[in-house]
Amino acid sequence: MKIKAIMPDKAMDRHTLDLREDMLALALSSDAKISVDCIKEGPDELDCHTDEAFAATDLIKRCIEAEKEGYDAIIIYCFSDVGLDAVRENVKIPVIGPGETTLCAASMLCNRFVVITTESFNIARTYRRLMKNPIAREKMTSVRALDIPIGELRKDPAATGRYLKKTIEEAVKNEYVDGVILGCLGMASYGESLERELPVKVFDPAFIAVAYAEMAARLHLAHIPAVYPTFTNTSNVNL
């Protein structure tokens with residue numbers, strides 16, 4: 001089985017992508033393989049709705065390529081689920097949005113959860129998007145920020161861990177949360193250590209999406225044309 005994860009930003013070098021592959025492989029069975037790539041054209045980072053709009057065009061193209069190359073499932077490697085609906089109109093294999101999937105997991109296991117994003121200017125964008133989801137409307141108490149730029153998250157892992165712990169402690173104290181969603185996939189792999197120290201369930205969308213992608217591929221849990229009609233390009237866009 002082959003799973004493709006595609007990042008909707010183009011700033012990642014091959015060494016960094018290879019490290020992500022090694023990390024994410026821990027969530028897969030021994031006979032499943034993951035390949036991580038990023039878009040070739042579009043923004044270096046996703047910091048706003050405009051970045052998302054420009055990223056979506058090339059992301060769709062990369063996903064179409066992945067299906068043609070024989071991949072069994074695709075992960076849009078971003079908590080914002082950039083272009084998720086559009087990608088599903090263009091491929092038949094399972095397409096996994098980490099944000100959507102993680103909210104479902106949190107709904108099953110939590111009464112109240114907080115979402116942690118990177119920087120404060122992302123709070124409004126993240127909040128507006130999540131409020132469209134009934135799970136978030138029912139159980140999310142707030143969106144909080146670490147105020148660490150996306151590109152800096154992995155340069156000092158210890159500092160990121162400290163910021164995460166402090167932010168979660170404040171949410172537990174002030175909002176009585178029992179769940180935490182890491183609202184940026186650059187925070188992947190911090191969940192286990194945080195759970196040992198804090199009285200919360202930590203949801204890591206990167207690993208949740210990868211494990212769910214394997215299950216979806218094995219059980220043929222893919223979208224259907226009745227819900228996502230196949231794109232026929234009558235509008236003559238450049239795909």
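Everything numeric here is computed off the predicted structure, so don't read it as measured data.
Remark: Phe54 pairs with no residue by the ring-ring contact (aromatic ring centres under 6.0 Å, His included) rule, at least two apart or across chains. When the salt bridge (Lys or Arg N to Asp or Glu O under 4.0 Å) test is applied to Lys201, the partners found at least two apart in sequence or on another chain are Glu195. For Glu175, the salt bridge (Lys or Arg N to Asp or Glu O under 4.0 Å) partners are Arg144, not counting sequence neighbours.
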Stepwise, does the side chain to side chain donor-acceptor pair (under 3.5 Å) test hold for Tyr228 with Asp85? CA-CA 7 Å; Tyr228 291 93; Asp85 291 335; 3.1 Å; yes
Give the intermediate values and the outcome of side chain to side chain contact (heavy atoms under 4.5 Å, CB included) for residues Arg218 and Asp72. CA-CA 9 Å; Arg218 292 191 188 280; Asp72 300 290; over 6 Å; no
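If you take CZ on Arg125 and NE2 on His49, they are separated by 6.5 Å, rounding to the nearest 0.5 Å.
Within the 3.5 Å criterion, the main-chain N or O of Lys92 finds a donor-acceptor partner in the side chain of Glu67.
Contact annotation: the side chain of Tyr77 never approaches that of Val36 to less than 4.5 Å [non-hydrogen atoms, C-beta and beyond]. Considering only heavy atoms from C-beta on, Tyr212 comes within 4.5 Å of Leu221 through its side chain. The side-chain heavy atoms of Arg129 and Phe79, taken from C-beta on, include a pair separated by under 4.5 Å.
Residues Tyr176 and Met140 fall into different hydrophobic clusters, defined by Ile, Leu, Val, Met, Phe, Trp and Tyr side chains chained together at heavy-atom separations under 4.5 Å. Follow the hydrophobic side-chain contacts under 4.5 Å out from Phe121 and you never reach Leu46; the two are in separate clusters.
Surrounding CZ of Arg128 are at most 12 heavy atoms belonging to other residues, nucleotides or ligands under 6.0 Å away. In this structure, Phe231 places its CZ atom where more than 12 heavy-atom neighbours from other residues, nucleotides or ligands lie under 6.0 Å away. The number of heavy-atom neighbours closer than 6.0 Å to CD of Glu69, taken from other residues, nucleotides and ligands shown, is above 12.
Of the options Asp44, Asp51, Asp58, a salt bridge (Lys or Arg N to Asp or Glu O under 4.0 Å) to Lys10 is made by Asp44 and by none of the others.
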